[in-house]
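To keep things clear, I will list the structure first and then write my remarks on it.
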Amino acid sequence: MHTQKKIVLLILFSAAQFQTLFSQIVLQGTVTDNGAEYLGNGAEPVANALVTVTDQAVSSRSFSSYTNEQGQYAIHINTTGVDDASAKPCNFFLLQNYPNPFNPSTLIGYEISQPAHVSIQVYSVLGRKVKTLFDGFQYSPGQVIWNGTDDEGKGVPAGVYIYSLAVNGSRIVRKMTLVDGHYNLRSIKSSPAAASATLGNNGLNKQAVHLYIIKITGEDIETYEQRDLNITGNLVLDASVIRTVTDIDRNIYRTVKIGDQWWMAENLRVTRYRNGEAIPHVTDSIQWVNLNTGGYCTYDNNGNNAEIYGRLYNWFAVKDSRNIAPVGWHMPTNEEWQITINFLGGDKVAGGKMKDTTLWNEPNIGATNESGFSALPGGYRFQDGNYLNMNFYALFWSSTEEYGSSNACDLQLSCYYSFISTSFVKKVDGFSVRCVKD
């Protein structure tokens, strides 16, 4: 009788030790863009963004996950661990999926004590293989996401599924429950990075502290960082990131959504066409006046002005077939400008809602920048080659041609009024440029 009690106690103690070794906190949430900021019609999920959580006290303790197509991420943070110099090559552990039950996707984490061949598969309760989530050599603890589809990308019905972790010939299995299947519906395929992400090394063998840094990075988004994040238990943390666009010179611009349109929130600074050919940089006034092909300049020929106000381009550069806009973007037409103006309440008030509240001379009438367009008074280069009215006016090109071959449309904002005006001007004039997303 005493022997049986000792065995039971030993089993319980060993289980407790094993659970402590792999004690974890789950940080999860959704990453969306800035489409709901200002006057945008709504935020969208950001897929394939890398979310990284780092121990502020020990930078080598880092855990990460990629967002899925719905912008969702889940990170398992190892909070405790013990040194085990005698760990056998087959030492590994399969975590319970999270969330469970789940819909539409769930995260499966696992631990390995040293590099090994790892295979993670999903089976039906009848033993039929449904999906291979990972099959390859792995160097560190990791995690995979299952989105309720089979190997052909078709949705599977709701129900109980078995998932297994095989490491060097040994196997562990667990159960999970899909509560709302999407049977036979094809999923949107995500990239391999989105389907599987590796946790940072040194996740074990360190007592965790509570303060962490979370960082979100990815293509065409501004890096998001939050410090002093206190994580003591499972936590849901949603984040909003700013979408960006990058031109061929690697200049990065913030963007803003106004209604249904995405606009650059900064003036263009590019010096090359999309194909890599240079846009002529013309500083001489006489040369500028005689241009009938593309050219750009910087106000007062002062390069410092480009960083704040962008560059000034003639209309020939705007309409050149080699394309001045970044990939996926284009020069706005009169009609596209008018969509934004109408959304902001019409010509009489739209200018104020588009003007930034800084750098404009007084009185800057009506300026609120409630649209987030952040128009700055970059002035312009007149057809005679002179630079005029910085801090008083902002003039933007339209791609629409008007009144003969020598004229084109522009839009004007002024510190003296809140309305926005449209006119036609000489194509040789030098104005600021904003692009709109395709």
Side-chain angles (χ1 to χ4, degrees), residues 15 18-19 21-28 63-70 72-78 89-199 203-204 234:
F18 194 67
Q19 181 66 32
L21 176 60
F22 295 102
S23 177
Q24 293 209 344
I25 288 173
V26 177
L27 174 67
Q28 63 174 325
F63 312 88
S64 61
S65 171
Y66 284 87
T67 57
N68 62 16
E69 294 295 330
Q70 291 78 39
Q72 301 165 334
Y73 70 92
I75 299 175
H76 288 192
I77 301 174
N78 297 321
C90 63
N91 274 7
F92 60 99
F93 186 70
L94 180 61
L95 301 170
Q96 184 64 51
N97 65 300
Y98 188 90
N100 187 48
F102 67 94
N103 176 46
S105 59
T106 189
L107 183 141
I108 299 169
Y110 58 91
E111 302 284 353
I112 56 176
S113 61
Q114 64 184 53
H117 186 275
V118 172
S119 178
I120 303 173
Q121 296 178 326
V122 178
Y123 295 87
S124 71
V125 291
L126 299 178
R128 181 181 66 84
K129 185 173 79 70
V130 175
K131 180 91 168 184
T132 297
L133 299 176
F134 182 81
D135 188 13
F137 202 79
Q138 185 67 287
Y139 292 86
S140 62
Q143 56 189 13
V144 292
I145 294 174
W146 185 46
N147 61 358
T149 62
D150 61 19
D151 280 329
E152 296 181 354
K154 294 181 180 179
V156 299
V160 176
Y161 290 86
I162 309 298
Y163 62 100
S164 74
L165 169 67
V167 179
N168 292 339
S170 299
R171 184 181 302 273
I172 300 176
V173 298
R174 287 186 179 272
K175 293 181 180 180
M176 58 183 168
T177 303
L178 174 61
V179 295
D180 185 13
H182 34 288
Y183 187 52
N184 274 337
L185 294 179
R186 286 199 169 271
S187 66
I188 300 174
K189 290 188 177 181
S190 58
S191 68
S196 176
T198 302
L199 294 174
L204 297 176
N234 291 348

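Computed from heavy atoms alone, side chains included, the values below leave out hydrogens, waters and symmetry copies. The residues of the chain are indexed from 1 along the displayed sequence. Small disclaimer: the values here were computed from a predicted structure and weren't measured.
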If you round to the nearest 0.5 Å, how far is [atom2] of [Y] from [atom1] of [X]?
X: I112; Y: L94; atom1: CD1; atom2: CG; result: 12.5 Å
X: N97; Y: I145; atom1: CG; atom2: CD1; result: 12.0 Å
X: N147; Y: K131; atom1: CG; atom2: NZ; result: 5.5 Å
X: I162; Y: S124; atom1: CD1; atom2: OG; result: 8.5 Å

Exercise. Does D151 come within less than 4.0 Å of K129, counting only side-chain N to carboxylate O?
Worked result: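 Salt bridge between D151 and K129, a charged N being under 4.0 Å from a carboxylate O: yes.
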Minimal non-hydrogen separation, [X] against [Y], with atom names:
X: S65; Y: Q143; value: CB-NE2, 3.1 Å
X: F93; Y: L165; value: O-CD2, 3.8 Å
X: A116; Y: N168; value: CB-ND2, 3.5 Å

Between [X] and [Y], is any pair of side-chain heavy atoms under 4.5 Å apart?
X: T149; Y: V156; result: no
X: Y163; Y: V173; result: no
X: L107; Y: Q72; result: no
X: P99; Y: T106; result: yes
X: Y73; Y: L27; result: yes
X: L95; Y: I108; result: no
X: F134; Y: Q121; result: no
X: V118; Y: Y110; result: yes

Exercise. Do Q28 and Y98 have side-chain atoms, one donor and one acceptor, less than 3.5 Å apart?
Worked result: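 A pair is found: one side chain offers a donor N or O, the other an acceptor, under 3.5 Å apart.
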N/O donor-acceptor pair under 3.5 Å between [X] side chain and [Y] backbone:
X: T177; Y: V179; value: no
X: R174; Y: S164; value: no
X: N103; Y: L178; value: no

For this session: With sequence neighbours excluded, tell me which residues meet salt bridge (charged side-chain N to carboxylate O under 4.0 Å, His left out) with K175.
Result: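 None.
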Exercise. Looking at residues at least two apart in the chain, or sitting in another chain, which of them share a side-chain hydrogen bond (donor to acceptor under 3.5 Å, both in side chains) with D135?
Worked result: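 D135 satisfies side-chain hydrogen bond (donor to acceptor under 3.5 Å, both in side chains) with H117 once adjacent residues are dropped.
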Problem set entry | Those residues that, when tested against F102, pass ring pair (Phe, Tyr, Trp, His ring centres under 6.0 Å) (two or more places apart) |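 Per chain and number, F102 pairs via ring pair (Phe, Tyr, Trp, His ring centres under 6.0 Å) with W146.
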Exercise. What's the verdict on side-chain contact (heavy atoms from CB on, under 4.5 Å) for F92 and S113, showing C-alpha distance, side-chain angles and the deciding distance?
Worked result: CA-CA 6 Å; F92 60 99; S113 61; over 6 Å; no
